[in-house]
Amino acid sequence: MPVPAPNSSARAVVTGGSSGIGVALATELARRGHSVILVARSTGPMEELAATLREQFGVEAEVRGVDLSDQAARDELCKELAGREISILCNNAGTATFGKVIDLDPAYERAQLELNANAVHDLTLAVLPQMVKRGAGGVLITGSAAGNMPIPNNATYAASKAFANTFSESLRGEVKPLGVHVTLLAPGPVRTELPDPEDRSTVEKVVPEFLWVNTEYTARVSIDALEKNQMRIVPGLLSKGMSLAGFYTPRRIMAPIVGQMYKKLAGE
Ligand SMILES: NC(=O)c1ccc[n+]([C@@H]2O[C@H](COP(=O)([O-])OP(=O)(O)OC[C@H]3O[C@@H](n4cnc5c(N)ncnc54)[C@H](OP(=O)(O)O)[C@@H]3O)[C@@H](O)[C@H]2O)c1
């Protein structure tokens with residue numbers, strides 16, 4: 001059975017619904033008729049988006065201001081979602097840090113792991129039983145091409161995305177016969193905002209313009225892939241190249257090469 005058709009009582013949950021890819025995913029789902037629950041910490045941008053989605057697409061749009069790196073706050077959200085009719089879950093919220101782990105704030109690194117890995121696990125487990133019971137549902141997990149390989153100067157992020165990538169593709173094999181779709185979105189660079197011409201210390205310095213994809217395209221191909229129950233969607237040329245390199249290059253050769261690239265991303 002396909003991802004459930006929209007209905008007035010069902011909700012599609014999008015984490016990271018306050019900016020970037022999450023805004024585009026929520027908009028794409030609403031365009032297809034799904035009512036949504038937006039989740040992130042900043043409620044202001046989500047309230048604005050919710051109002052736009054209601055007006056443009058005539059769907060219901062709810063907002064939950066939750067710090068998903070906080071276990072107690074997460075538990076409360078999981079409890080709510082387990083008791084609602086959730087047709088689609090987009091586990092999309094995530095953060096990244098660049099630089100040597102030893103130089104980074106340990107508390108922020110822990111919070112990053114909570115968000116990028118544990119929140120994905122908790123939210124999925126909260127909604128999976130009802131999806132399996134109905135024999136229908138969709139889970140989209142935003143991992144990353146960075147999760148395919150070891151990346152010095154991006155260690156916590158790369159490892160947390162390795163969890164997201166592997167969890168998604170493993171879970172898919174378990175629930176496919178039960179009618180639940182699970183798709184991994186594993187992008188390389190996605191343009192989430194216009195580049196600052198002054199900003200030469202970040203990813204802008206490393207990735208040429210033609211290799212970027214935008215959030216709208218990423219969301220559209222991701223929801224298409226979820227509807228088809230595709231295992232993995234990799235939008236854009238660079239993402240595809242990074243994926244292939246991650247799969248076929250020996251890790252001991254790959255690590256120092258990408259490590260040098262990510263050193264630049266850290267501004268070193
Ligand atoms: N853009 C890319 O090039 C790229 C490439 C590969 C993978 N990805 C992945 O795509 C996903 C979306 O990234 P993006 O590029 O769209 O980044 P973004 O614009 O920075 O969005 C990140 C989202 O996560 C939310 N978030 C951050 N910390 C949170 C927390 N503790 N609790 C709840 N929500 C939190 C943010 O909202 P608040 O700050 O309001 O909480 C925001 O809505 C991430 O998982 C990222 O790793 C992005």
Side-chain angles (χ1 to χ4, degrees), residues 13-28 36-50 63-78 89-98 107-120 122-123 140-149 151 154 156-165 167-168 184-195 202-204 206-207 211-219 222 232-243 246 258 262 265:
V13 177
V14 180
T15 71
S18 65
S19 73
I21 297 171
V23 169
L25 285 171
T27 306
E28 186 60 34
V36 295
I37 302 177
L38 309 172
V39 182
R41 291 165 304 178
S42 330
T43 50
M46 291 193 292
E47 293 292 0
E48 276 180 37
L49 174 63
V63 166
R64 296 290 178 276
V66 180
D67 182 348
L68 290 170
S69 66
D70 179 301
Q71 169 91 64
R74 217 161 60 214
D75 286 350
E76 212 172 300
L77 177 70
C78 286
L89 168 65
C90 297
N91 272 307
N92 168 76
T95 52
T97 47
F98 303 97
Y108 193 83
E109 292 299 286
R110 263 195 301 276
Q112 185 181 176
L113 192 55
E114 285 285 331
L115 176 68
N116 294 1
N118 293 347
V120 171
D122 285 355
L123 291 177
L140 179 76
I141 294 182
T142 308
S144 174
N148 302 332
M149 60 186 92
I151 309 184
N154 191 227
T156 303
Y157 181 75
S160 66
K161 290 299 183 178
F163 171 82
N165 289 6
F167 179 62
S168 181
L184 169 69
L185 163 61
V190 177
R191 174 88 77 211
T192 54
E193 54 192 32
L194 285 177
T202 64
V203 74
E204 297 297 334
V206 179
V207 181
L211 289 176
W212 287 93
V213 293
N214 66 27
T215 55
E216 290 78 12
Y217 172 78
T218 301
S222 298
R232 173 185 286 235
I233 175 76
V234 180
L237 265 182
L238 182 59
S239 310
K240 288 183 173 66
M242 280 176 78
S243 284
V258 287
Y262 277 72
L265 295 179

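Whatever order the structure lists them in is the order used to number ligands and atoms, beginning at 1. All of these numbers come straight from a predicted model, not from anything done at the bench.
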Fill in: Test log, rule side chain to side chain contact (heavy atoms under 4.5 Å, CB included), inputs Cys78 and Leu123
CA-CA 6 Å; Cys78 286; Leu123 291 177; 3.7 Å; yes

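- The closest approach between Gly143 and ligand 1 falls below 4.0 Å for a heavy atom of the residue.
- Near Gly20, with a cut-off below 4.0 Å to any heavy atom, the atoms of ligand 1 are 16 (O), 19 (O).
- Summarising the contacts of atom 15 (O) of ligand 1 with Thr95, Thr192, Thr15, Val190, the nearest heavy atom is found in Thr192.
- With values rounded to the nearest 0.5 angstrom, Lys161 atom NZ is found 10.0 Å from Ile141 atom CD1.
- Those atoms of ligand 1 with a heavy atom of Ser69 less than 4.0 angstrom away are 31 (N).
- Side-chain N or O atoms of Thr43 include none that pairs as donor or acceptor with a backbone N or O of Gly65 at under 3.5 Å.
- Close approach of ligand 1 to Leu115 is summarised as follows: ligand atoms under 4.0 Å from at least one heavy atom of the residue are 27 (C), 28 (N), 29 (C), 30 (C), 32 (N).
- The shortest side-chain heavy-atom distance between Pro187 and Val234 does not fall under the 4.5 Å cut-off.
- Listed by atom number, the atoms of ligand 1 under 4.0 Å from Thr142 heavy atoms are 9 (C), 10 (O), 11 (C).
- Side chains of Val13 and Arg64 form no contact here, defined as non-hydrogen atoms less than 4.5 Å apart.
- If you check which protein heavy atom lies closest to atom 18 (P) of ligand 1, you get Ser19 OG, 3.4 Å.
- Taking only nitrogen or oxygen atoms, main chain and side chain alike, Ser18 reaches within less than 3.5 Å of ligand 1.
- Closest to atom 8 (N) of ligand 1 among all protein heavy atoms lies Tyr157 OH, 3.7 Å.
- Contact check for Asn148 versus Met242: no side-chain heavy atoms found under the 4.5 Å cut-off.
- For atom 22 (C) of ligand 1, the closest heavy atom belonging to the protein is Gly94 O, 3.7 Å.
- Atoms of ligand 1 found under 4.0 Å from any heavy atom of Pro189 (numbered from 1 in listed order, with element): 3 (O).
- Under a 4.0 Å heavy-atom criterion, Lys161 is in contact with ligand 1.
- Using a 4.5 Å heavy-atom cutoff, the side chains of Asn154 and Leu265 are not in contact.
- Although no hydrogens or angles enter the test, the distance criterion places a donor-acceptor pair under 3.5 Å between the side chain of Asn214 and the main chain of Tyr217.
- From the protein, the heavy atom lying nearest to atom 26 (N) of ligand 1 is Ala93 CB, 4.1 Å.
- Residues Leu140 and Asn92 fail the side-chain proximity criterion, which asks for heavy atoms closer than 4.5 Å.
- Considering only non-hydrogen protein atoms, atom 6 (C) of ligand 1 sits nearest to Pro187 O, 3.3 Å.
- If you check which protein heavy atom lies closest to atom 23 (C) of ligand 1, you get Gly16 CA, 3.6 Å.
- None of Asn91, Asn116, Leu77 except one satisfies the side-chain contact (heavy atoms from CB on, under 4.5 Å) rule with Leu68; the exception is Leu77.
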Worksheet item: Hey, mind stepping through Thr27 and Thr215 against side chain to side chain contact (heavy atoms under 4.5 Å, CB included) and telling me if it holds?
Response: CA-CA 11 Å; Thr27 306; Thr215 55; over 6 Å; no

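- For the ligand labelled ligand 1, residue Gly188 lies inside the 4.0 Å heavy-atom shell.
- At a cut-off of 3.5 Å, with distance as the only test, no side-chain donor of Ser160 or Gln112 sits close to an acceptor on the other residue.
- Residue Ala96 places no heavy atom under 4.0 Å from ligand 1.
- The shortest side-chain heavy-atom distance between Thr156 and Tyr108 does not fall under the 4.5 Å cut-off.
- Remark: ligand 1 atoms within the under-4.0 Å shell around heavy atoms of Val66 are 32 (N), 33 (C).
- For atom 31 (N) of ligand 1, the nearest non-hydrogen atom from the set Val39, Asp67, Thr215, Ile141 comes from Asp67.
- Between Leu68 and ligand 1, a contact under 3.5 Å exists for at least one N or O pair.
- Annotation: atom 34 (N) of ligand 1 to nearest protein heavy atom, Ala40 CA, 3.6 Å.
- For the pair Gln71/Asn118, no side-chain contact is recorded, criterion being any heavy-atom separation below 4.5 Å from C-beta on.
- Given atom 11 (C) of ligand 1, the protein heavy atom at minimum distance is Asn92 O, 3.0 Å.
- An N or O contact shorter than 3.5 Å links Ile21 to ligand 1 by distance.
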